[in-house]
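Lettering follows sequence order; numbering is per chain, from 1. Any value given below was found using the heavy atoms of this structure, including those in side chains, with hydrogens, waters and symmetry copies removed.
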Protein chains: 2
Amino acid sequence: MTKPLNDNTAEPSKPRRRSKTRIAHEEKILNSAEFIFASYGYTGATVEKIAKHTGISKQNLLYYFSSKDKLYRAVLENILNIWLDKLNLLNQEGDSPAEKLKHYIRDKLKISQTHPNGSKVFANEIINGAPHIGDYLSNNLNKKLQADVDLVKQWIADGKIDVIDPYHLFFMIWASTQTYADFSTQIQLVLNKDKLTEQDFDKAGDFLCQVILKGIGLKI
Amino acid sequence: MTKPLNDNTAEPSKPRRRSKTRIAHEEKILNSAEFIFASYGYTGATVEKIAKHTGISKQNLLYYFSSKDKLYRAVLENILNIWLDKLNLLNQEGDSPAEKLKHYIRDKLKISQTHPNGSKVFANEIINGAPHIGDYLSNNLNKKLQADVDLVKQWIADGKIDVIDPYHLFFMIWASTQTYADFSTQIQLVLNKDKLTEQDFDKAGDFLCQVILKGIGLKI
DNA sequence: ACATTACCTGACCAAATGGTCAATTTCATT
DNA sequence: AATGAAATTGACCATTTGGTCAGGTAATGT
């Protein structure tokens, strides 16, 4: 886990202990918020919409999250932690570069599959210039990524893969895995489907592993 | 050119001929709008902000584009036409699959470089479920893409490239080229740069061509 | 049973925002 | 110079929206 994006701790007016109802409600609110923020963007999403989707009143929502901004940050924090926790290529199962990369790609793809809305919120935030989480990202992304880049450089030095730019490799993997969440509308339109199925994601995973691994000079 | 997204023609109250000032102002407004929409999303962008960025008053802007929605559609139409016009793999220069693909990839990347804001607006729109241009996209995307998909299938049948899913190949190319526009914030952060340079894009192009071509079984 | 705390709602407000409209100024054409 | 159209602006408005607050209800621990 990475360090928190906002300090929920220092909430003077909030109850001391997190009760059962509070935990349950916060969970439901966060899910709704993820969906609404993903569908309308930060400004387009209204507290009212999120509350309605959760099944509670606006004021009640504001009782749990004292402002739209705080709620938004909480949503972002959720997805960012998931995203950054899976950032480690190093810690992936397997010994060979091929195995590690395959796991990495499939892990990233899995996030697109299981957290499409969170991914969209994150994408929106980045596209808009990361106005809310710029600092947080600066502090955490590079640090974690460096180890992975070094690993890839080592693979290159050892002649295990072709000479390529590690950074662009990661950009490519991130983009081509996240696209199945962020651009699902477009993909569904092309594939003529209402929803991407388990098989679609498997197929995408197979494709990406095949092409990327072979593309950087690995046997499969 | 693809058919228009909205009919600017049927504007009863608008002047008959497009005067010099009108053309110039519309151009400047569209540019500003692209930037503001890219930075704030549809709802977050305000007519006031766009007007200020253009250097005119809000009411004056509304004289040229009678509503925020119309302006937004005009921006989208611009970028979509650019995007869809470059969609043809078939019409790319060169005879060999390798040559055609290389041009295709570099063309797409060029759009990211020259129209980053348009790309971002488009991305935002798709991420949010394409609420404004869903129909337009349904009508134009698949039709144009089909020819490209058929071509790739032919390459596979002829044994020129590996057996892969053509659709996922395009998803990958689109994602990994557009990411240099849409996620430029993140990329700049990782590369520790204020702005992506010509060299960065060249490097990205080289990388993508190398990995994708080799990845689908083409010699380079 | 009682008090304290958590939870929830109705009424309300100030600011922001998309858009209108009448009036005025600028411009091009004759 | 006159004239009609184009361009621009000031004043204004209705709606939306994030957020407040006082007061009421349900839980919970003692």
Side-chain angles (χ1 to χ4, degrees), chain A residues 6 8-9 11-30 32-33 35-37 39-76 121 128 131-132, chain B residues 6 8-9 11-30 32-33 35-37 39-76 121 128 131-132:
Chain A
N6 55 7
N8 286 334
T9 47
E11 286 289 340
S13 65
K14 284 235 183 116
R16 297 113 183 90
R17 279 189 319 164
R18 300 182 72 226
S19 74
K20 276 270 175 67
T21 34
R22 178 166 209 98
I23 291 173
H25 268 185
E26 284 183 353
E27 174 88 21
K28 289 210 304 187
I29 291 169
L30 281 170
S32 295
F35 174 70
I36 300 293
F37 279 127
S39 307
Y40 298 93
Y42 176 76
T43 320
T46 69
V47 178
E48 176 86 40
K49 275 197 195 110
I50 298 169
K52 199 161 270 173
H53 191 268
T54 313
I56 62 177
S57 71
K58 185 175 84 166
Q59 308 96 294
N60 199 10
L61 186 154
L62 285 167
Y63 169 73
Y64 288 104
F65 292 88
S66 58
S67 76
K68 182 183 176 179
D69 194 70
K70 288 232 182 77
L71 176 54
Y72 179 70
R73 282 169 197 273
V75 169
L76 270 181
V121 176
N128 294 344
H132 298 86
Chain B
N6 56 5
N8 284 337
T9 48
E11 287 289 340
S13 65
K14 287 237 183 111
R16 295 116 183 88
R17 280 189 317 165
R18 301 182 70 226
S19 74
K20 276 270 174 68
T21 34
R22 180 167 208 98
I23 291 173
H25 268 185
E26 283 183 353
E27 174 86 20
K28 290 209 305 186
I29 292 170
L30 281 170
S32 294
F35 174 70
I36 300 293
F37 280 127
S39 306
Y40 298 93
Y42 176 76
T43 321
T46 70
V47 178
E48 176 85 40
K49 276 199 194 108
I50 298 170
K52 198 161 271 172
H53 191 269
T54 313
I56 62 177
S57 70
K58 185 176 84 167
Q59 308 97 292
N60 200 9
L61 188 153
L62 285 167
Y63 170 72
Y64 289 104
F65 292 89
S66 58
S67 76
K68 182 183 176 180
D69 194 71
K70 288 231 182 78
L71 175 54
Y72 179 70
R73 282 169 198 274
V75 170
L76 270 181
V121 176
N128 294 345
H132 297 86

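Residues meeting the side chain to side chain donor-acceptor pair (under 3.5 Å) test with A/Y40, sequence neighbours left out: none. For A/T21, the side chain to side chain donor-acceptor pair (under 3.5 Å) test picks out A/S19, with sequence neighbours left out. B/L62 meets the side chain to side chain contact (heavy atoms under 4.5 Å, CB included) test with B/V47, B/K58; sequence neighbours excluded. By the side chain to side chain donor-acceptor pair (under 3.5 Å) test, B/S67 pairs with no residue at all, sequence neighbours left out.
Ring orientation note: the planes of A/H132 and A/Y42 are tilted relative to one another, at an angle of 30° to 60°.
For D/dA6, the OP1/OP2 oxygens have no side-chain nitrogen or oxygen of B/H25 closer than 4.0 Å. Dashed line: the shortest gap from a side-chain N or O of A/Y63 to OP1 or OP2 of C/dC8 is not under 4.0 Å. Taking 4.0 angstrom as the limit, B/S57 places a side-chain polar atom (N or O) nearer than this to OP1 or OP2 of D/dT9. Applying the 4.0 Å criterion to OP1 and OP2 of C/dC7, one finds that A/R22 has a side-chain N or O inside that range.
Outside the 6.0 Å centre-distance limit, the rings of A/H25 and A/Y63 are not counted as a close aromatic pair.
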Expected list for residues 49-56 of chain A: side-chain donor-acceptor pairs under 3.5 angstrom, two or more places apart:
{"residue": "A/K49", "atom": "NZ", "partner": "A/G44", "partner atom": "O", "Å": "3.3"}
{"residue": "A/H53", "atom": "ND1", "partner": "A/S32", "partner atom": "OG", "Å": "2.9"}
{"residue": "A/T54", "atom": "OG1", "partner": "A/S32", "partner atom": "OG", "Å": "3.2"}
{"residue": "A/T54", "atom": "OG1", "partner": "A/I50", "partner atom": "O", "Å": "2.6"}

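Note: NZ (A/K28) to P (C/dC7) measures 14 Å, nearest angstrom. As a whole-Å value, the separation of B/E26 CD from D/dT8 P is 12 Å. At whole-Å resolution of the value, CZ in A/F37 and C1' in D/dT17 are 13 Å apart. Going from atom CG of A/L61 over to atom C1' of C/dG10 covers 17 Å, rounded to whole Å. Put simply, NZ on A/K52 is 13 Å from P on C/dT9, counting in whole angstrom units. In this structure, A/I50 places its CD1 atom 12 Å from C1' of D/dT17, rounding to the nearest Å. Between B/I56 atom CD1 and D/dG10 atom C1' there is a gap of 16 Å when expressed in whole angstrom units. Atom CZ in B/F65 sits roughly 13 Å away from atom P in D/dA7 (whole-Å rounding).
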Could you go through nucleotides 13-19 of chain C and list every protein N or O atom that sits under 3.5 Å from one of its N or O atoms, giving the distance for each pair?
{"residue": "C/dG18", "atom": "OP1", "partner": "B/A45", "partner atom": "O", "Å": "3.4"}
{"residue": "C/dG18", "atom": "OP1", "partner": "B/K68", "partner atom": "NZ", "Å": "3.0"}
{"residue": "C/dG18", "atom": "OP2", "partner": "B/V47", "partner atom": "N", "Å": "3.0"}
{"residue": "C/dG18", "atom": "N7", "partner": "B/K58", "partner atom": "NZ", "Å": "2.7"}
{"residue": "C/dG19", "atom": "OP2", "partner": "B/K68", "partner atom": "N", "Å": "2.7"}
{"residue": "C/dG19", "atom": "N7", "partner": "B/K58", "partner atom": "NZ", "Å": "3.3"}
{"residue": "C/dG19", "atom": "O6", "partner": "B/K58", "partner atom": "NZ", "Å": "3.2"}

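Heavy-atom minimum distance, B/R22 versus B/Y64: NH2-O, 3.5 Å.
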note = DNA chain C in dot-bracket form (Watson-Crick or G-U pairs under 3.5 Å, [ ] crossing, | inter-strand) is ||||||||||||||||||||||||||||||

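To the nearest 0.5 Å, the span separating CD on B/Q59 from CD on B/E48 amounts to 8.0 Å.
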